[in-house]
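Just so you know, ligand 1 is whichever comes first in the structure, and atom 1 is the first atom listed for that ligand. Every heavy atom of this structure was used, including side-chain atoms; hydrogens, water molecules and symmetry mates were not.
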Amino acid sequence: MSKLAYLGPQGTFCEAALRLLAPDVERLPCANVGAALDAARDGDADGAVVPLENSVEGAITQTLDELAKGRSLHITGEVLLPVEFSLLVRPGTELGQIKRIITHPAAHTQCRGYIERELPGAVVIAGSSTAAAAQEVSVPGSPYDAAISPAIAGEYYGLDAIASDIGDRSDTVTRFIQVSRPGPLPEPTGADRTSLVAFLRDDHPGALLEMLSEFAVRGVNLTRIESRPTGDGIGRYFFHFDLEGHVADARVGEAVSGLHRLCGDLRFLGSYPRADRVATQVKPGTADGDFDEAAQWLGKIRAGLA
Ligand SMILES: O=C(O)C(=O)C[C@]1(C(=O)O)C=C[C@@H](O)C=C1
């Protein structure tokens with residue numbers, strides 16, 4: 001049976017995402033995103049499931065940086081998970097007694113309104129995950145009074161939900177990805193996404209525009225772009241791109257090759273089916289057949305036949 005690492009412990013949103021992506025695998029809980037990805041890199045697991053972005057909080061930057069800088073991993077699938085937060089306490093704790101709350105920073109951001117309204121004097125401490133926070137609260141003598149976690153974590157760690165659905169928005173969604181060591185790519189489905197990380201060769205006016213032009217002229221639609229600091233000084237960035245289509249599609253393959261020529265380093269992070277199954281809209285003149293026809297035409301010109 002194959003094994004997938006994930007951000008643990010038992011009861012995280014990440015575990016719920018893993019169950020949706022791969023219901024019948026062994027699960028390996030890890031202390032943080034980096035450890036889950038390393039388990040996949042080192043072969044301790046066949047792959048990993050980690051959060052990538054949230055509809056309110058935005059990118060999960062640790063995941064972006066790990067995928068860009070660590071040993072190469074490929075995304076093979078994704079899932080969109082609605083996230084709903086509960087305020088979990090040891091049985092008997094009342095709202096007025098809550099002074100110290102622990103949760104994952106992304107969960108804190110999404111519940112800020114509730115905390116300011118209902119628990120204005122409470123401090124919020126960062127935990128490694130929402131379920132790790134619940135586990136901390138369950139320890140006898142814990143310095144924390146409450147955890148912001150998925151309701152299921154309350155069941156695992158013997159805590160009561162003193163409030164439910166406390167997120168500032170009820171429609172929040174987190175996008176999780178499944179990754180594995182590089183291997184054969186998932187087949188194109190017509191509703192695919194491709195992810196890339198681009199490092200500039202040198203900084204100059206229009207460098208980002210040049211990269212974006214590679215997509216624009218071939219009718220490739222971007223679904224996400226993110227700049228991240230390289231760490232080499234202020235003003236030095238690299239870029240994450242998500243785009244519609246599969247690298248096997250001619251327009252995507254040509255755009256990726258174009259970007260490779262432009263960039264100091266281009267890391268391919270995978271082509272995989274979109275969770276929402278939205279089919280790629282192909283602009284006239286950018287279908288595979290159009291690229292084939294153009295290549296044949298060029299061949300004839302070069303051979304002096306047209
Ligand atoms: O702590 C968890 O339960 C996670 O799965 C991590 C995570 C995140 O990194 O954004 C996932 C979804 C929520 O937005 C809060 C935390």
Side-chain angles (χ1 to χ4, degrees), residues 4-22 25 27-40 45 47-68 70 73 75 77-88 101-115 124-138 144 146-157 159 161 163-179 224 226 228 240 242 275:
L4 292 181
Y6 70 99
L7 172 63
Q10 195 178 32
T12 54
F13 290 113
C14 199
E15 187 194 42
L18 189 162
R19 286 172 184 270
L20 290 173
L21 279 162
V25 299
R27 293 184 293 277
L28 176 67
C30 297
N32 53 57
V33 166
L37 295 175
D38 278 345
V49 174
V50 291
L52 187 76
E53 62 173 327
N54 175 270
S55 58
V56 172
E57 168 67 353
I60 312 298
T61 51
Q62 191 190 352
T63 305
L64 295 189
D65 293 348
E66 280 281 344
L67 290 176
L73 288 169
I75 305 172
E78 64 172 21
V79 69
L80 300 174
L81 185 82
V83 286
E84 192 176 307
F85 300 98
S86 296
L87 189 64
L88 303 180
I101 304 169
I102 181 166
T103 193
H104 188 278
H108 177 197
T109 313
Q110 293 167 69
C111 301
R112 217 179 270 288
Y114 175 87
I115 297 166
V124 181
I125 292 104
S128 57
S129 73
T130 56
Q135 199 174 38
E136 290 271 5
V137 172
S138 72
Y144 310 108
I148 296 174
S149 311
I152 187 92
E155 292 172 30
Y156 287 136
Y157 303 108
L159 301 176
S164 300
D165 202 3
I166 64 169
D168 297 337
R169 292 185 60 132
S170 55
D171 55 354
T172 307
V173 172
T174 299
R175 178 177 161 219
F176 289 85
I177 50 168
Q178 181 173 345
V179 299
R224 188 174 62 88
E226 214 94 49
R228 291 291 303 151
H240 274 261
D242 280 352

Fill in: Heavy-atom donor-acceptor pair, E155 side chain to A151 backbone, under 3.5 Å
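A pair under 3.5 Å: no.
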Worksheet item: Counting N and O atoms only, with roles assigned by atom type, does the side chain of D165 sit under 3.5 Å from a partner on the main chain of S170, one being a donor and the other an acceptor?
Response: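 Checked: no pair found.
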Item to complete: Might you point out which heavy atoms bring A36 and V50 nearest each other, and give the distance in Å?
Response: CB-CG1, 4.2 Å
Item to complete: State, to 0.1 Å, how close A5 and A39 come at their nearest heavy-atom pair, and which atoms those are.
Response: CB-CB, 3.8 Å
Pairs under 3.5 Å, N/O atoms on ligand 1 and on the protein: can you put them in a table with the distances?
| unit_1 | atom_1 | unit_2 | atom_2 | d |
| --- | --- | --- | --- | --- |
| ligand 1 | 1 (O) | T130 | N | 2.7 |
| ligand 1 | 1 (O) | T130 | OG1 | 3.2 |
| ligand 1 | 3 (O) | F13 | N | 2.9 |
| ligand 1 | 3 (O) | T130 | OG1 | 2.5 |
| ligand 1 | 5 (O) | C14 | N | 3.0 |
| ligand 1 | 14 (O) | N54 | ND2 | 3.4 |
| ligand 1 | 14 (O) | Q110 | NE2 | 2.8 |
| ligand 1 | 14 (O) | T174 | OG1 | 3.3 |

Discussion item. Going by side-chain hydrogen bond (donor to acceptor under 3.5 Å, both in side chains), N54 matches just one of T174, T172, T109. Which one?
Written reply: T174
Worksheet item: Any side-chain heavy atom of L64 sitting closer than 4.5 Å to one from L52?
Response: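 Touching, per the 4.5 Å side-chain cut-off.
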